[in-house]
Number of protein chains: 2
Amino acid sequence: MSKLKIAVLVSGSGSNLQALIDAAACGSIQGQIEIVISDRPGAYALQRAEKHGITAACIDKKSYENKIDFDIQLFNRLNEVQPDLIILAGYLSILSSELIEKYRGKIINIHPSLLPAFGGKGFYGEKVHKAVIESGAKVSGATVHFVDENTDTGPIILQKAVVVLYGDTPETLAKRVLAVEHYLIVKAAELFCSNKLKQEGLNVRILRE
Amino acid sequence: MSKLKIAVLVSGSGSNLQALIDAAACGSIQGQIEIVISDRPGAYALQRAEKHGITAACIDKKSYENKIDFDIQLFNRLNEVQPDLIILAGYLSILSSELIEKYRGKIINIHPSLLPAFGGKGFYGEKVHKAVIESGAKVSGATVHFVDENTDTGPIILQKAVVVLYGDTPETLAKRVLAVEHYLIVKAAELFCSNKLKQEGLNVRILRE
């Protein structure tokens, strides 16, 4: 079986990207990360990519006068690669509807809560964990899902719960959830690349390994 | 330490009530179930109560012309008992604001999902599990929380996750969640009756056992 081409979109330090790089390197993911694209010039994820000989591109959102030009640039850059799978690994920009349409069923996102709880607009990064703690919830977690036109609503691929501890701060909770994110993002990429994910409406069936 | 007086409100078969009866009987809950009140005459929970020598009362909601009269009747019946703890164990009527005010911090409810997900008006019984399955979520669970004026929004005491399996129906998922409900409702009653629950805003701190 030939390896699938993967593009990873990032905005930050890229620890989820690192988990993917490591899993691809050891062969557990039947795919090759062809390109890492950041929407922010300073993202450490770009350095991680370069260290591993992966093409690292920055399409700096702030350098574009309007979102449409930025969207077109990203769309074109991805089309050069023709990825089989696009992974949003802490990517904070909203994808254009053209991009989502073209790569429907091929874009996955990781979210640091058990969706549908603590998802949607405004829920990203530490804001999610802050909201979880303020709500008094005793269980949070992480979700990997396919991306659709709305924020955090696409078909759920994998979820895993994380217990909220007394005294947790957004930082301490984020740390434990992040460990689960690493596991889930790699597992989802593995399953996708070995053709084990089957969408049935909003439900994603995981075929027997 | 003297035993606290517990009132349990029910609408259905009362398997959560049974879990509480068993736990009280073996002494793990430092409380005594003084009364079981159903808002439906046919509820099997009433028979369970009688079998164990517990006062079983029915305040049949349908026999009242308006909700206010029904609310007053329930309020008065509870006041005769002066319970230290009121447990809603699958109770489907909405409590009056007077009742909630008088017993604030002393009323707990069990909900068959990980709140805030799949909670609020219209989410009760199998409707919850149906919505979970239709959403494609991979994790659900159960929540025990203090009751406030709104539906399913009060301070969360305990939560536990339950994995949603491929092929689950509302019935099969309900069965596994119910087992967790039994555990959580008993645990919450134990903690409450041994004075181990401390509210700090929306957060419920569990004191070391």
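Source: prediction; values computed, not measured. Order of the sequence lines sets the chain letters (A, B, ...), proteins ahead of strands, with each chain counted from 1.
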More than 12 heavy atoms from other groups under 6.0 Å of OH on A:Tyr183 = no
remark   = Heavy-atom closest pair (B:Lys138 atom, A:Ile206 atom, distance to 0.1 Å) is NZ-CD1, 4.4 Å
message = For chain B, which candidate among A:Val163, A:Asn203, A:Thr153 shows the most heavy-atom pairs at distances under 4.5 Å?
response = A:Asn203
key: Positive for side-chain contact (heavy atoms from CB on, under 4.5 Å) with A:Val139, one of B:Leu115, B:Val139, B:Leu114   = B:Leu114
query = Picking from A:Ser135, A:Gly201, A:Pro155, which has the most non-hydrogen pairs under 4.5 angstrom with chain B?
reply = A:Ser135
ask   = How about B:Glu200 and A:Tyr166: do any of their side-chain heavy atoms sit closer than 4.5 Å?
value = yes
ask   = Closest approach of A:Gly136 and B:Ile156, non-hydrogen atoms and distance?
value = O-CB, 3.6 Å
inquiry  = Check this for me: A:Lys67, atom NZ, are more than 12 non-hydrogen atoms of other residues, nucleotides or ligands nearer than 6.0 Å?
reply    = yes
query = Are there more than 12 heavy atoms of other residues, nucleotides or ligands under 6.0 Å from atom CD1 of A:Ile68?
reply = no
key: B:Tyr124 atom OH, neighbour heavy-atom count above 12 within 6.0 Å   = no
request  = Look at atom NZ of B:Lys102 and say whether more than 12 heavy atoms of other residues, nucleotides or ligands are closer to it than 6.0 Å.
outcome  = yes
